[in-house]
Amino acid sequence: MAIPRPIRALVDLVTIAAISLNFFIYFYPDILNAPDQCNWAHAAPHFAKYPILNKIPQQYLQPLLLNIPELRQEPEPSPHEIHMLLFGDPQINGNWPSTPYIKRLDNYGNDHYLGHIYSVMSRRLRPSHVAVMGDLFSSQWILDSEFYNRTLRYVERLFPRSAEQKANVVETHARHESYDWHRWLEQEMQLDPMERFTSRVYEDVYDWVDRDRKTANLDNPVFINLTGNHDIGYSGDATWQHMARFHHLFGQNNYVVNYARGTAHEWRLVVLDSLTLEGPALQSEFLNFTWSFLDHLEKFENPKFQGATVLLTHIPMYKRAGLCRDGPEHLYYVDNQREPYKNGLLRSHNHLSDNTTQRVMNAVFPNSDQPGVILTGHDHEGCDDWYNFEQGRWVASKNRKEEKDDDDDGSSRQSVREVVVRSMMGDFDGQTGILTGLFEHGRWQFDFTYCSFTVQHWWWASKVVLAIAIFLQSVVRLSSIWA
Ligand SMILES: *[C@@H]1O[C@H](CO)[C@@H](O)[C@H](O)[C@H]1NC(C)=O
Ligand SMILES: *[C@@H]1O[C@H](CO)[C@@H](O)[C@H](O)[C@H]1NC(C)=O
Ligand SMILES: *[C@@H]1O[C@H](CO)[C@@H](O)[C@H](O)[C@H]1NC(C)=O
Ligand SMILES: *[C@@H]1O[C@H](CO)[C@@H](O)[C@H](O)[C@H]1NC(C)=O
């Protein structure tokens, strides 16, 4: 049976649509973004692995090499560069027995949509560090079983990790036992504050599994998971169970990693659990642990640290209303009938309070001659501000204060930029935050850009149209064989 011409034309059309859509979703960084947005700041041009390719004009060669890493020579990682990708609040949902099939399919597709963004961006840029800005999951009210299930999706679909890196998650999921948080509680409570602190201070981590590694691992970047209010809860909700299972699968809530200590280009990463800074809390021990971490940082680390700091935390610093979508707001439980023991406790907050912000920033950014940068999540819209040091306090503004040279009384500080990283969810166009640190002329400088994808429907369309095209092409082929 011969296929009529119009049908053939239709099949060809569907095939072209499938190819175009797939081209679009793999090359989106260059199609949807300005030329420098989806690259490290001040990036040197790439060189092709095959000399013949170097004949292609640079304006075409560079996007080609960025999109197809197999064609390029990978530069050696430099200790004078920080290459970090940041992903705002993925907030993945779960399936319940009552979840309709269409919603299950939506959740499945959403995992792969987020995973597509990570895979395109990590292949393209080969970061040394990747941070997910908290709210990994959509709800803090889930049981251990669901927590394990979502964590497995996190390491397999969203942010695929090597077998070694995800072994703990896979094994915990396979055993599927309720997590023994009592044991962790006892361990934590027995730790002397100094011991707890020193166990949260790391040196030159380039791989959480292979701690002896001395250079960035661009195939398996250092992965950082922040606590979000949907992962452990606000301090009025957070229990030992929440905290214990988070620590088990995602790492510590507070820590510092020092790089190149004692050299001119030293810098550090501070990961801070901003959910346990303010109360009243359900478990006041958590506030004590987090403040004790900051106090120890100030007392024991700051005196021997001359470098720049990158602060990663979920809740943004205090700022007056109007600078970001969310203004300052703290809510407390009142008249909670279902859980009356929570009344009076902290129920939610958009920012840290002003006083907490001052204490955090003073402890984290001690060096008046060094820049710093803060990356947070929480407000899905995202936001970008400067914290200028004015009359002894950090004050948020859209503008960076002019640096004055005459301010030599030690009271001046470099302004610190805070980027509230816009969410990677489809509703916010699948953002990837790109942070570049560059040590040049004796100091660090930080740059931040976004690389945007688009709503998840385009990703869906590319897969559905591809499936239809493959089906139609097979029908056409088979019928021509039989004809
Ligand atoms: C988690 O996944 C397992 C199967 O891997 C399933 O048996 C279990 O019911 C899931 N947990 C929840 C809370 O849905
Ligand atoms: C973050 O979570 C992933 C998945 O569990 C894990 O591989 C990684 O080591 C975690 N990061 C830290 C700092 O523990
Ligand atoms: C934490 O608790 C310990 C012991 O109860 C106390 O000595 C310490 O001052 C507290 N630290 C902070 C920062 O509140
Ligand atoms: C904030 O700190 C200042 C100075 O330390 C103090 O006077 C003020 O009462 C504090 N405000 C709040 C709300 O705690």
Side-chain angles (χ1 to χ4, degrees), residues 84-87 90 92-99 103-104 107-108 111 115 118 122 128-134 136-139 141-179 199-202 205-211 213 217 219-228 231-232 245-257 269-273 277-280 312 318 328 330 349 351-362 391-395:
M84 191 181 298
L85 295 186
L86 301 117
F87 295 98
I92 57 172
N93 284 307
N95 300 323
W96 307 105
S98 63
T99 307
K103 179 74 187 124
R104 287 171 193 249
N107 286 340
Y108 175 85
D111 285 358
Y118 178 65
S122 58
S128 56
H129 294 77
V130 174
V132 183
M133 308 311 293
L136 320 175
F137 304 156
S138 67
S139 170
W141 316 114
I142 57 179
L143 299 174
D144 288 348
S145 164
E146 181 59 18
F147 194 82
Y148 300 154
N149 289 0
R150 290 195 205 182
T151 310
L152 192 67
R153 286 160 54 194
Y154 184 86
V155 298
E156 298 206 320
R157 295 182 187 163
L158 278 73
F159 307 105
R161 313 291 295 142
S162 70
E164 250 184 335
Q165 312 260 357
K166 70 181 178 192
N168 182 32
V169 174
V170 172
E171 195 237 336
T172 305
H173 180 269
R175 260 192 294 124
H176 228 81
E177 286 163 359
S178 291
Y179 193 62
S199 70
R200 271 79 163 163
V201 179
Y202 301 91
V205 175
Y206 292 104
D207 189 321
W208 289 115
V209 178
D210 174 11
R211 285 290 177 73
R213 222 192 136 91
N217 181 351
D219 296 317
N220 263 304
V222 173
F223 210 93
I224 298 157
N225 320 286
L226 302 189
T227 47
D231 310 311
I232 58 163
R245 68 192 187 186
F246 187 93
H247 277 68
H248 179 58
L249 295 176
F250 293 114
Q252 309 282 6
N253 58 341
N254 294 306
Y255 54 92
V256 51
V257 189
L269 252 177
V270 174
V271 172
L272 181 68
D273 180 9
L277 283 169
E278 300 189 344
L312 301 172
Y318 174 82
H330 280 67
H349 49 140
H351 302 164
L352 295 175
S353 72
D354 192 8
N355 277 7
T356 304
T357 299
Q358 305 305 322
R359 286 179 66 187
V360 167
M361 290 187 66
N362 286 336
Q391 278 128 32
R393 289 184 81 80
W394 298 96
V395 181

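A quick note: this is a predicted structure, and the numbers were derived from the prediction, not measured. For ligands, and for the atoms within them, numbers begin at 1 and follow the listed sequence. For the numbers below, each heavy atom of this structure counts, side chains included, while hydrogens, waters and symmetry mates do not.
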Consider ligand 2: state whether an atom of it lies below 4.0 angstrom from any non-hydrogen atom of K166.
no
Is the closest heavy atom of F159 to ligand 2 under 4.0 Å?
no
Which of the ligand 2 atoms, numbered from 1, are nearer than 4.0 Å to a heavy atom of [X]:
| X | value |
| --- | --- |
| R161 | 7 (O) |
| L249 | 2 (O), 4 (C), 5 (O) |
| G251 | 14 (O) |
| F223 | 10 (C), 11 (N), 12 (C), 13 (C) |
| Y255 | 13 (C) |

May I ask you to identify the nearest protein heavy atom to [atom], giving residue, atom name and distance to one decimal place in Å?
| atom | result |
| --- | --- |
| atom 5 (O) of ligand 4 | N355 ND2, 4.6 Å |
| atom 7 (O) of ligand 2 | Q165 O, 3.2 Å |
| atom 4 (C) of ligand 2 | V155 CG1, 3.3 Å |
| atom 3 (C) of ligand 2 | N225 ND2, 3.8 Å |

Sub-3.5 Å donor-acceptor pair from the side chain of Y118 to the main-chain atoms of R157, do we have one?
no
Please check this pair: side chain of D231 against backbone of G228, looking for a donor-acceptor N/O pair closer than 3.5 Å.
yes
Rounded to the nearest 0.5 angstrom, the OG-CZ distance for S178 and R245 is 10.0 Å
Measure the spacing between CG of N168 and CG of L249 and express it to the nearest 0.5 Å.
6.0 Å
Within the 4.0 Å heavy-atom cut-off, what V169 brings close to ligand 2 is side chain
May I ask you to identify, for W208, whether its side chain, its backbone, both or neither come under 4.0 Å of ligand 2 on a heavy-atom basis?
side chain
Backbone or side-chain N or O of F250 under 3.5 Å from ligand 2 N or O
yes
Examine I224 against ligand 2 and note whether any of their N/O atoms are separated by less than 3.5 Å.
no
Geometric class of the [Y]/[X] ring pair [parallel <30°, tilted 30-60°, perpendicular >60°]:
| X | Y | answer |
| --- | --- | --- |
| H176 | H173 | perpendicular |
| Y318 | H351 | perpendicular |
| Y154 | F137 | perpendicular |

R393 and N355 side chains, donor-acceptor separation under 3.5 Å
yes
Does the side chain of D273 pick up a donor-acceptor pair with the side chain of Q252 at under 3.5 Å?
no
So, is N149 polar-close to ligand 1, with some N/O to N/O distance under 3.5 Å?
yes
Look only at interatomic distance and state if S145 has a nitrogen or oxygen under 3.5 Å from any nitrogen or oxygen of ligand 1.
yes
Taking the side chain as everything from C-beta on, heavy atoms only, tell me whether V222 gets closer than 4.5 Å to N217.
no
Any side-chain heavy atom of L86 within less than 4.5 Å of one from L312?
yes
So, are R153 and D111 salt-bridged, with charged N and O less than 4.0 Å apart?
yes
With atoms numbered from 1 as shown, which atoms in ligand 1 lie under 4.0 angstrom from a non-hydrogen atom of H173?
5 (O)
By number and element, which atoms of ligand 1 are closer than 4.0 Å to a non-hydrogen atom of E146?
12 (C), 13 (C), 14 (O)
Looking at atom 14 (O) of ligand 1, is any protein heavy atom nearer than 4.0 Å to it?
yes
Is atom 10 (C) of ligand 4 touching the protein, meaning some protein heavy atom lies under 4.0 Å away?
yes
Residue of the set L226, T227, V256, L277 for which side-chain contact (heavy atoms from CB on, under 4.5 Å) holds with L272:
L277
